[in-house]
Undergrad: 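Right, I'll just put the structure down here and ask away after.
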Amino acid sequence: MLDIKLTESRLDVNACIDFVSAGDAGGIDVFIGTVRNATKGKSVVRLEFEAYEPMAIAEMQKIAEQATEKFGTKKIALHHRTGVLQIGEAAVIIAVSAPHRAAAFDACRFCIDTLKETVPIWKKEIFEDGEVWVAAHP
Amino acid sequence: MLDIKLTESRLDVNACIDFVSAGDAGGIDVFIGTVRNATKGKSVVRLEFEAYEPMAIAEMQKIAEQATEKFGTKKIALHHRTGVLQIGEAAVIIAVSAPHRAAAFDACRFCIDTLKETVPIWKKEIFEDGEVWVAAHP
Amino acid sequence: MRITILSFGIAKDITGKRFLNWEMTAGASVGELRKSLVESFPRLAELASVRLAVNSEYVPETLELSENDEVALIPPVSGG
Amino acid sequence: MRITILSFGIAKDITGKRFLNWEMTAGASVGELRKSLVESFPRLAELASVRLAVNSEYVPETLELSENDEVALIPPVSGG
């Protein structure tokens, strides 16, 4: 069972954990990607995330399906935020439950690694003196 | 910074996440080990955890220190419960923050893997028709 | 035939608009559309990469486009 | 010399008590204590493993014990 969400609202880690909790799951792994206060020593004021929404949701769904198939996990919650984020806020939360912990860890890591490669979401870092789309240029 | 806890009270995942959150941490990994409702197809009614408390706390502290050293993590919360647990309740929560996600995942996994090998805590599974200390016999 | 172009992230800064209507000859491929876009917006070539998604799917550059296809310009993604 | 034995998990079911006072000759090693305990409680030998911790530390079996040491019987741990 999968819970895929792309939202401008604050992400809720408890909702993700509650979704994946199950009596037959022995291990839950949760990854929380938060907004860092600096990049290469330069102070970040805030971040903005933009998404190609229908495709982002479809790609997130695919990733969670692949992870379920590949690692035999029970449930996956995959929530990503868009819009303006303040320092320390969660941009992404991934929760995975599995009968054994190795599958939960592997699947969670697969989801975040693949999300960062394929899901059409873009992060703009806003500094005191300008802004930059992350990873845009070589 | 480390937050090591051995307690008979319900574990609080938000307290663990709050402890490890930091402006300079880009990734948080959280592992939650919950009580499963069955072992080898046999229905588990509840579990009891017993600990050699001072040594368990000292070993948990050592593990978190080793993980910090080995993976360069920022903060680790390592909470383990003792006493009677109902199905679905968390027996252990480990939260790790790090500048980059790989370190958070690796350190969290190191902590739970090592905890399960060295920390003097024992789990008794109670079935309808008896009880067994997990892993005691070959 | 008419293709709808959607631009995101830095690609939108370069094309200046979220949506563009783009004329291509019938049977043009994704690769030919890319060439046409880079001619009009040369700064797209300076990016680390630009993938073209057709109707919300990553596709090979050889795919033939159809009237009213929606093609998204996907500069390097940076979610998570 | 007197050693305090602490038993946990299934080891407590076998020794019957959390705390035991155990007499050993001065200078006895952890390995010798183990032998003495297994003689009194043969079911300890049936366990997958029993580690002996001295004053809350895992130690080598060759360690010499001292008066009033606290030795814990650690059957296979199963936390987490």
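A quick note: this is a predicted structure, and the numbers were derived from the prediction, not measured. By convention in this document, chain letters (A, B, ...) are assigned in the order of the sequence lines, proteins followed by strands, and residues within each chain are numbered from 1.
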Undergrad: In terms of heavy-atom proximity below 4.5 Å to chain D, should Ala58(B) be classed as side chain, backbone, both, or neither?
TA: neither

Undergrad: Just give me the residue among Gly33(B), Pro54(B), Ala91(B), Ala135(B) that pairs up with chain D most often, heavy atom to heavy atom, under 4.5 Å.
TA: Ala135(B)

Undergrad: At a cut-off of 3.5 Å, what donor and acceptor atoms pair up between chain B and chain D?
TA:
residue   : atom : partner  : partner atom : Å
Glu50(B)  : OE2  : Gly9(D)  : N            : 2.7
Glu50(B)  : OE2  : Arg18(D) : NH1          : 2.8
Tyr52(B)  : OH   : Ser56(D) : OG           : 3.4
Tyr52(B)  : OH   : Glu70(D) : OE2          : 2.6
Lys62(B)  : NZ   : Glu57(D) : OE1          : 3.1
His80(B)  : NE2  : Gly80(D) : N            : 2.8
Glu117(B) : O    : Arg51(D) : NH2          : 2.8
Thr118(B) : O    : Tyr58(D) : OH           : 2.5
Ile121(B) : O    : Ser78(D) : N            : 2.8
Ile121(B) : O    : Gly79(D) : N            : 3.3
Trp122(B) : NE1  : Pro75(D) : O            : 3.0
Trp122(B) : NE1  : Pro76(D) : O            : 3.4
Lys123(B) : N    : Ser78(D) : OG           : 2.8
Trp133(B) : NE1  : Asp13(D) : OD2          : 2.8
Ala136(B) : O    : Ala48(D) : N            : 2.8

Undergrad: What pair of heavy atoms forms the shortest contact from Ile10(D) to Ala136(B), and how long is it?
TA: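 Shortest heavy-atom contact: CG2-CB, 3.7 Å.
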
Undergrad: Side chain, backbone, both or neither: which part of Val119(B) has an atom under 4.5 Å from a heavy atom of chain D?
TA: backbone

Undergrad: Which bit of Ala90(B) comes within less than 4.5 Å of chain D, counting heavy atoms only: side chain, backbone, both or neither?
TA: neither

